[in-house]
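Model, not experiment: these values are computed from the prediction. One-based numbering along the sequence shown.
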Amino acid sequence: MNATSDMLRLIVGFRVSQAVHVAAELRLADHLAAGPLNVSTLAERVGADPDALRRLLRALSATGVFVEQPDDVFATNELGATLESQHPARLRAISSNTSSTYFWDAWGRLEHSVRTGENAFYSLHGMNVWEYRSQHPEAAERFDAAMVAMTLAVARGLAESYDFAAVRTLVDVGGGHGGLLAAVLDAHPAIQGVLYDLPHVVATAPAELAARGLGDRVRLEAGSFFEQVPADGDCYLLKSVLHDWEDDDCVRILSACAAAMRSDAVLLVVERLLDGPNEGADTKFSDLNMMVLPGGRERSADEFGALAAAAGMSVTRIVPTSTAFHALELVVT
């Protein structure tokens with residue numbers, strides 16, 4: 001390989017992303033899970049044009065996602081299986097959100113954000129991404145499913161890495177459907193949980209918590225973390241919340257947490273941390289994602305420390321997990 005071919009591969013990389021997205025939307029991996037299928041049969045099952053589907057499958061097979069066999073037959077493999085709807089990693093949900101129209105269009109305005117410093121999504125739609133999702137249920141469903149999927153590994157990593165032995169009441173602030181909270185409660189049976197988020201978010205949580213046998217261990221509370229949070233926690237969680245917001249808003253969120261916390265309580269800010277020069281590409285591209293979609297940013301440990309100080313808090317330690325995320329432990333000063 002040389003620099004020219006390497007750069008060309010980067011330039012056209014979007015084509016693979018979109019091909020994988022279409023495969024995920026058509027649930028091709030689900031249909032191939034039971035065994036190889038002729039493309040005509042597969043096209044009939046998924047509602048696709050046979051010739052167009054053949055062209056998609058052979059391109060993805062050349063990429064290693066599926067396997068092309070003689071006589072127009074295609075099979076799945078270990079990589080393709082990760083797109084199955086029930087795969088533990090739930091990558092299909094992440095693809096469904098990341099390459100959907102509302103997400104894709106915002107990334108198409110990355111240049112606008114870089115030139116102006118403005119949020120690409122707002123410049124495109126005249127509203128922020130949260131307002132948009134509240135008005136477009138399909139986009140909200142894609143996002144919620146992707147967040148559940150992305151939380152799975154992080155939740156296990158946090159439950160294994162942080163010592164929750166002294167915690168009796170754990171409050172997950174902005175906790176969505178409760179995936180992170182549930183993982184910690186599963187690992188620590190003595191803990192009671194509080195799931196706190198906007199009313200329309202917590203309204204969808206009871207069924208999932210009940211399915212995991214946690215309905216009687218989690219209290220649901222609704223409200224805005226800009227205004228107040230529940231006041232009876234030993235430990236509070238903020239996972240992937242602060243990176244959605246610019247500094248002033250982050251200080252408001254942290255201040256609301258600080259106002260609710262007892263002197264012996266701790267707040268765990270679970271986020272990616274920016275690495276030094278020329279490393280940490282995943283986090284730095286996540287930072288671009290924050291710029292074009294919600295309007296926030298990824299931060300370094302020092303930047304989180306400055307936010308904490310502005311809210312009357314301090315970082316006592318930083319706990320690495322087995323994932324790309326760290327848990328920053330904050331106390332009220």
- Query: Are there more than 12 heavy atoms of other residues, nucleotides or ligands under 6.0 Å from atom OH of Y132?
  - Reply: yes
- Query: Does the side chain to side chain contact (heavy atoms under 4.5 Å, CB included) test come out yes or no for L152 and R90, once each step is laid out?
  - Reply: CA-CA 9 Å; L152 290 173; R90 304 292 176 91; 3.8 Å; yes
- Between L273 and I318, is any pair of side-chain heavy atoms under 4.5 Å apart? yes
- Message: Run D6 and L10 through side chain to side chain contact (heavy atoms under 4.5 Å, CB included) and show every step you take.
- Response: CA-CA 7 Å; D6 288 347; L10 294 175; 5.8 Å; no
- Is there any ring pair (Phe, Tyr, Trp, His ring centres under 6.0 Å) pair reaching into residues 5-57, and which pairs are they, with sequence neighbours excluded? none
- So, R142 and S96: side-chain donor and acceptor under 3.5 Å apart, yes or no? yes
- Message: Whether the side chain of K284 engages the backbone of E279 through a donor-acceptor N/O pair (distance < 3.5 Å, no angle test) should be reported.
- Response: yes
- Any idea which heavy atoms bring S95 and A24 closest together, and the distance? OG-CB, 3.9 Å
- Determine, using the 4.5 Å side-chain heavy-atom cutoff (strictly less than), whether V269 and M313 are members of one ILVMFWY cluster. yes
- Side-chain donor or acceptor of R297 paired with backbone N/O of M291 under 3.5 Å: no
- Query: Is E111 atom CD crowded by more than 12 heavy atoms from other residues, nucleotides or ligands, each under 6.0 Å away?
  - Reply: no
- Query: Does V241 share a hydrophobic cluster with W130, counting links as ILVMFWY side-chain heavy atoms below 4.5 Å and allowing steps through other members?
  - Reply: yes
- Shared ILVMFWY cluster between V46 and L37, side chains joined below 4.5 angstrom? yes
- Message: Counting only heavy atoms from other residues, nucleotides and ligands, does the tally under 6.0 Å from CG of D264 exceed 12?
- Response: yes
- Query: Does Q18 offer a backbone N or O that forms a donor-acceptor pair with the side chain of S99 under 3.5 Å?
  - Reply: no
- For the pair D30 and R45, find out whether any cationic side-chain nitrogen is under 4.0 Å from an anionic carboxylate oxygen. no
- Taken to the nearest 0.5 Å, the spacing of L267 CG from M261 CE works out to 5.5 Å
- Query: Quick one: does E303's side chain have a donor or acceptor within less than 3.5 Å of a partner on S300's backbone?
  - Reply: yes
- Query: Should F121 and F143 be regarded as members of a common hydrophobic cluster, given that ILVMFWY residues are connected when their side-chain heavy atoms come within less than 4.5 Å of each other, either directly or indirectly?
  - Reply: yes
- Query: Near Q69 CD, under 6.0 Å, is it more than 12 heavy atoms from other residues, nucleotides or ligands?
  - Reply: yes
- Task: Hey, could you give me each pair passing side-chain hydrogen bond (donor to acceptor under 3.5 Å, both in side chains) that has a residue in residues 154-169? Not counting sequence neighbours.
- Result: Y162-E329
- Say you draw a straight line from CZ of R217 to CZ of R212; how long is it, rounded to the nearest 0.5 Å? 10.5 Å
- Query: Once you round to the nearest 0.5 Å, how far does CG of D249 lie from CG of D244?
  - Reply: 10.5 Å
- Note, V173 side chain near V194 side chain (heavy atom, < 4.5 Å): no
- Give a yes-or-no answer on whether the side chains of E271 and H326 include a donor-acceptor pair shorter than 3.5 Å. no
- Answer yes or no: is there a donor N or O on one side and an acceptor on the other, between the side chain of T323 and the main chain of G157, under 3.5 Å? no
- Indicate whether any N or O donor in one side chain lies under 3.5 Å from an N or O acceptor in the other, for S5 and N2. yes
- Query: Taking the side chain as C-beta and beyond, is there a heavy-atom pair between H177 and V202 under 4.5 Å?
  - Reply: no
- What heavy-atom pair brings A265 and G233 nearest, and what distance separates the two atoms? CB-O, 3.7 Å
- Query: Is there a donor-acceptor contact under 3.5 Å from the side chain of T82 to the main chain of L79?
  - Reply: yes
- State whether R54 and D72 are salt-bridged, where the test is any N-O pair (Lys NZ or Arg NE/NH1/NH2 against Asp/Glu carboxylate O) under 4.0 Å. yes
- Query: Looking only at heavy atoms, which two atoms of F164 and C235 are closest? And how far apart?
  - Reply: CE2-SG, 4.3 Å
- Query: Checking salt bridge (Lys or Arg N to Asp or Glu O under 4.0 Å) for the pair R219/E221: CA distance, chi angles, key distance, verdict?
  - Reply: CA-CA 7 Å; R219 185 175 83 246; E221 291 202 25; 2.7 Å; yes
- So CG of N97 and CZ of R92: to nearest 0.5 Å the spacing works out to 12.0 Å
- Kindly indicate whether the side chain of L328, heavy atoms from C-beta on, has any atom under 4.5 Å from the side chain of L268. no
- Item | Heavy-atom pair with the smallest gap, counting every atom of N289 and P294 | O-CD, 3.6 Å
- Message: I'd like to check L28 versus L83 (side-chain heavy atoms, cut-off strictly below 4.5 Å). Are they in contact?
- Response: no
- A75 to L32 - nearest heavy-atom pair and separation: C-CD1, 4.2 Å
- Query: Under 6.0 Å from the CZ atom of F226, do we count more than 12 heavy atoms belonging to anything else shown?
  - Reply: yes
- Query: Below 4.5 Å, heavy atoms only, C-beta onward: do N119 and V292 meet side chain to side chain?
  - Reply: no
- Message: Quick check for you: to the nearest 0.5 Å, what is the distance between S224 atom OG and L198 atom CG?
- Response: 6.0 Å
- Message: Counting only heavy atoms from other residues, nucleotides and ligands, does the tally under 6.0 Å from CD of E78 exceed 12?
- Response: no
- Indicate yes or no: at least one non-hydrogen side-chain atom of V251 is less than 4.5 angstrom from one of D248. no
- Task: Can you see which heavy atom on A159 is nearest to which on A183, and at what distance?
- Result: CB-O, 4.0 Å
- Look only at the side chain of T321 and the backbone of F325, and say whether a donor-acceptor pair between them is shorter than 3.5 Å. yes
- Message: Counting only heavy atoms from other residues, nucleotides and ligands, does the tally under 6.0 Å from CG of D49 exceed 12?
- Response: yes
- Item | Minimum side-chain heavy-atom gap L254-L330 below 4.5 Å | yes
- More than 12 foreign heavy atoms under 6.0 Å from CD of E138: is that the case here? no
- Message: Under the criterion salt bridge (Lys or Arg N to Asp or Glu O under 4.0 Å), I'd like the reasoning laid out for D144 against R133: C-alpha separation, chi angles, the key distance, then a yes or no.
- Response: CA-CA 10 Å; D144 290 344; R133 290 184 185 123; over 6 Å; no
- Any donor-acceptor N/O pair, D197 side chain to G176 backbone, under 3.5 Å: yes
- Query: With distance as the sole test, does E131 use its side chain to make a donor-acceptor pair with the main-chain N or O of N128 at under 3.5 Å?
  - Reply: yes
- Note on the structure: To the nearest 0.5 Å, atom CG of D282 lies from atom OG of S286 at 8.5 Å
- Take L158 and L180 through the test side chain to side chain contact (heavy atoms under 4.5 Å, CB included) and record every step on the way to the result. CA-CA 9 Å; L158 178 65; L180 179 64; 3.8 Å; yes
- Message: Can you confirm whether the side chains of E298 and H243 place a donor and an acceptor under 3.5 Å from each other?
- Response: yes
- Item | Hphob cluster co-occupancy, L293 + M150, side-chain heavy atoms under 4.5 angstrom | yes
- Message: What verdict does the side chain to side chain contact (heavy atoms under 4.5 Å, CB included) test give for R252 and F225, after you've listed the backbone C-alpha separation in whole Å, the side-chain angles of each residue and the deciding distance to 0.1 Å?
- Response: CA-CA 8 Å; R252 290 174 60 200; F225 50 48; over 6 Å; no
- Message: Taking R262 first and then D234, would you say they form a salt bridge - that is, a charged N and a carboxylate O separated by under 4.0 Å?
- Response: yes
